[in-house]
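The figures here come from the full heavy-atom set of this structure, side chains too, leaving out hydrogens, waters and symmetry mates.
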Amino acid sequence: MQLCLNGSTIIPFPIMPWLDNPLEALLSPSFHFLSRLLEIPSLTKIEEIWHIVRSNAMAPVLQLAVITSLAMSVVLLIDIASMGAISLTVKFLGHRPERRYKWEPINSDLEQGSSAYPMVLVQIPMYNEKEVYKFSIGAACGLSWPSDRIFIQVLDDSTDLTIKDLVQLECQIWASKGKSIVYEVRDNRKGYKAGALKKGMEYSYAQKCDFVAIFDADFQPESDFLMKTIPFLMHNPKIGLVQARWQFVNPNECLMTRIQRMTLDYHFKVEQEAGSSLFGFFGFNGTAGVWRVSAINEAGGWKDRTTVEDMDLAVRASLKGWHFVFVGDVKVKSELPSTLKAYRNQQHRWTCGAANLFRKMSKEIVSTKDVSIWKKFYLLYSFFFVRKVVAHLVTFFLYCVVVPVSVFVPEVSVPIWGVAYIPTTITLLNAIRNPRSIIFMPFWILFENVMSMHRMKATLIGLFETGRVNEWVVTEKLGEAINIKPEPQILEKDSFRLRDRINLSEIGFAVFLFLCACFDLIYGGNYYFVYIYLQSIAFLVVGLGYFGKFIAS
C-alpha cells in the first residue's frame, strides 16, 4: 500500500500492510529491525559483555592492586623480621640497658645529703579524669625521692567544675602530708596535652629541674621508678629520654583488651627494644618516661601541630643527636581502653597523627646534618613509611579489598604465598615474644583487619591533612568501674543501647564480604570463602557493638 497526497505517490508506508496482511507484516524487514532493537539480551550475551568488561577494564586495575599490595607485604615482612631478629638477639645475648650504658645507683652520704639527687619534675596532665585521678596522684606522691628534690605537678585541663574541685582537694590532701605537689590550671585548652605540658615547664619551680617524668592520669609508677631510670640520665650525658614499659591492670577484662595487650606487648618488646638497641631511637609513648629538660629545650619544646606531640618531640630530639633508652624491666601500670568507642578514638589519634607528622617532618629529616644517613633512612623508611603508612594501608587493601574482589575476576589470582605464607609469618613474628598469646591469634588477625579500615582512613587523613586531622579526643578511662557489673536495664533502654552501639560502616562492609564469600563458594575454586566468611562475621560483630565492653551513656 502506498500513501498518496494530492494525487502524488509519496513513499511506501511499512506499517499499513500489517492491517491488510499481518503475516506479511511480520516478515517485513522493518518489523525485524524493530524487533531486534526491542529484543531482551540473552544470558549468553550478558556473559559476553561482562567478560569483555572484566578482562579489559577490571582485570588490569586489580592486577596492579595485587602487585602493589604484595610488594607492600614483602616490605612489611622484611621490616618485621629484621626487628624481631634484633629483639631476639638482644634477649639471648643479655644486652640489657645497664650493660650498654653506664648505670650506678644514687648514693648519698651525710655530707651531700639530698643534694646527691637531681631536681625532678613529675607532670600529670589530665582532663576530666574522674575515675582515675586518685591513682596517678597517689602513685606519684609515693615515689621514692627526697621531698626537697622533687615537684609533682598536676596539670588539670578539666572542664567539669566538680571534677576540678575533686582533683584540687586530692592535691591539698597530699600537700598536707608534706608532699611537694602543685595544682595548676589554664584558662583554655590550647594545644591540648602538648599545651598543658609546655605551660607546666614555664613555672619558675619547674625551671629549676634537670629531669621531667611524665605520667598520664591512669598510669601508676612503682615507688622505685625514679631510682631505676634517673641514673641512666645522670651518668650518660647524651641520653635524652628513658622510656619504661607499660603494664596493664585490665588485660583480661574482655577479648578486646587481650588483643590490645598482644599488640602493645609486641610494640614494646620488639619495636621499642629494637629501636633502642640498634639506633638509640624510638617514638616516645607520651607517658611512663623521663626526659632530660635540656633535650626538650634543644629540640624546640612541646608542639601541638599534630595529635602525636610525644612522637613529634622524640623525632626532633633525635635529629639533634640525643639518644633514647628503652628499659623493659621497669613497668608502669595503666588501663587499656575496654570500650570500642574509646579504642577507635585512640587509634585514630595515634594513626592520623603519625602520618601527619611524616608529612610535616620528611624534609627536615632529609636536610638535617646532625645525624647519619643510615639513621635518616631508618627514620624515613622503617619508622615512618613502613610502620606508619604501609602497615595500615596493606592490611586493609590486600586482605579486606583485593582478595575478596578477586573472586569476581578469575583472570587475576593472588598467589598463595601472598594470601597465606606472608600473613602467617607476620602473625608468628608478632607472637614470638609472647607465646602465651598464640591461642588468641585468630581473633587478633580478624580484629586487626577490622580496625585496619579505620587506621587506613586515619592514615590518609593524616597524609593529605584533611577532615579530622587535628581532632583530639581524650581516651575514656573507667578506673574501678571496669570491675562493676552494670545494673539491669528495662526493655526500652536496651533498645536504645542497641541503636547507640551500632556502627554502620562495619555492617556495610560485612555485607560486602558476605556477598564475595557466597560468590566464591558457588563459582570459585580457591577456598577464599573460608577466610572471607570469617572476616565478614568479624566486621558484623564489631558493627553490632558486641566487641569490647559497652557502657550505657
Side-chain angles (χ1 to χ4, degrees), residues 121-137 140 151-172 174-175 180-209 212-219 284-287 289 291 293 296-297 299-314 316-317 337 341-342 345-346 348-350 352-354 356-357 360-361 458 461-462 465-477 479 553:
L121 175 68
V122 177
Q123 291 184 312
I124 308 176
M126 58 178 58
Y127 173 75
N128 293 337
E129 308 284 3
K130 180 180 179 181
E131 306 295 343
V132 295
Y133 72 92
K134 286 188 177 183
F135 299 152
S136 57
I137 293 176
F151 290 101
I152 300 170
Q153 187 184 67
V154 178
L155 304 169
D156 191 9
D157 277 356
S158 299
T159 54
D160 189 313
L161 296 180
T162 301
I163 297 177
K164 293 182 74 169
D165 290 341
L166 291 172
V167 175
Q168 186 175 17
L169 177 61
E170 186 71 13
C171 293
Q172 292 172 352
W174 282 104
S180 301
I181 185 168
V182 185
Y183 177 74
E184 304 286 5
V185 296
R186 301 187 294 164
D187 56 3
N188 61 72
R189 288 191 66 212
K190 185 178 184 301
Y192 304 107
K193 180 180 176 180
L197 294 173
K198 182 178 181 179
K199 179 66 176 178
M201 298 292 292
E202 295 175 357
Y203 294 99
S204 58
Y205 62 86
Q207 295 178 2
K208 299 177 183 178
C209 298
V212 54
I214 302 171
F215 302 102
D216 283 349
D218 60 314
F219 278 72
F284 175 43
N285 294 112
T287 180
W291 275 95
V293 173
I296 295 178
N297 294 334
W302 294 100
K303 294 185 179 182
D304 60 0
R305 56 182 176 172
T306 69
T307 56
V308 286
E309 75 294 324
D310 43 12
M311 186 185 298
D312 189 348
L313 176 60
R316 285 184 283 113
K341 180 180 179 181
N345 286 332
Q346 180 198 71
H348 176 86
R349 189 174 75 244
W350 290 358
C352 178
N356 191 231
L357 184 63
K360 284 180 164 62
M361 292 215 63
I461 289 174
E465 216 164 30
T466 61
R468 300 166 55 196
V469 64
N470 289 318
E471 182 183 56
W472 180 282
V473 179
V474 176
T475 304
E476 179 187 15
K477 305 170 188 72
S553 56

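- To the nearest 0.5 Å, atoms CG (L197) and CD (Q123) are separated by 5.0 Å.
- At a threshold of 4.5 Å between non-hydrogen side-chain atoms, the residues D218 and E131 do not count as touching.
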As a quick check of understanding, evaluate side-chain contact (heavy atoms from CB on, under 4.5 Å) for M201 and V293, giving each step before the final call.
CA-CA 9 Å; M201 298 292 292; V293 173; 3.8 Å; yes
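- With sequence neighbours left out, K198 forms a side chain to side chain contact (heavy atoms under 4.5 Å, CB included) with E202, W302.
- Surrounding NZ of K130 are at most 12 heavy atoms belonging to other residues, nucleotides or ligands under 6.0 Å away.
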How far apart are the C-alpha atoms of D312 and M361, what are their side-chain angles, what is the distance that settles it, and do they pass the side-chain contact (heavy atoms from CB on, under 4.5 Å) test?
CA-CA 9 Å; D312 189 348; M361 292 215 63; 3.9 Å; yes
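- To the nearest 0.5 angstrom, L357 atom CG is 9.5 Å from D310 atom CG.
- Nearest approach of D216 to P125, heavy atoms of both residues: OD1-CG, 4.1 Å.
- The backbone N or O of V308 sits less than 3.5 Å from a side-chain atom of T306, completing a donor-acceptor pair.
- D304 approaches K190 most closely through the heavy-atom pair OD2-NZ, 4.0 Å.
- Taking OG1 from T162 and NZ from K164, the interatomic distance works out to 11.5 Å, rounded to the nearest 0.5 Å.
- Between the T307 side chain and the R349 main chain, a donor and an acceptor come within less than 3.5 Å of each other.
- Rounded to the nearest 0.5 angstrom, E170 CD and I181 CD1 are separated by 7.5 Å.
- Residue N128 is tested with D160, D157, T159 for a side-chain hydrogen bond (donor to acceptor under 3.5 Å, both in side chains); the sole match is T159.
- From F284, atom CZ reaches atom CD of E309 across 8.5 Å, with rounding to the nearest 0.5 Å.
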Steps toward side-chain contact (heavy atoms from CB on, under 4.5 Å) verdict (V469, C352)
CA-CA 6 Å; V469 64; C352 178; 4.0 Å; yes
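- Using modelled atom types, one finds a donor on one side chain and an acceptor on the other under 3.5 Å when comparing S158 with D156.
- In this structure V474 satisfies the side chain to side chain contact (heavy atoms under 4.5 Å, CB included) test together with Y127, E129, R189, W472, K477, sequence neighbours excluded.
- Using modelled atom types and a 3.5 Å distance limit, the side chains of Q153 and Y205 yield a donor-acceptor pair.
- The two atoms that bring F151 and C209 nearest to each other are CD1-SG, 3.9 Å, heavy atoms only.
- You'll find the side chain of R316 reaches within 4.5 Å of the side chain of L313, heavy atoms only.
- Considering all non-hydrogen atoms of both residues, K193 and G286 come closest at NZ-O, 2.8 Å.
- A pairwise comparison of heavy atoms in N470 and R305 identifies OD1-O, 3.5 Å as the closest pair.
- Note that the CG atom of N345 and the CZ atom of R468 stand 6.5 Å from one another [nearest 0.5 Å].
- What you find for V154 and C171 is that their closest heavy atoms are CG2-SG, 3.6 Å.
- In this structure a side-chain-to-backbone donor-acceptor pair under 3.5 Å is missing from R186 to L155.
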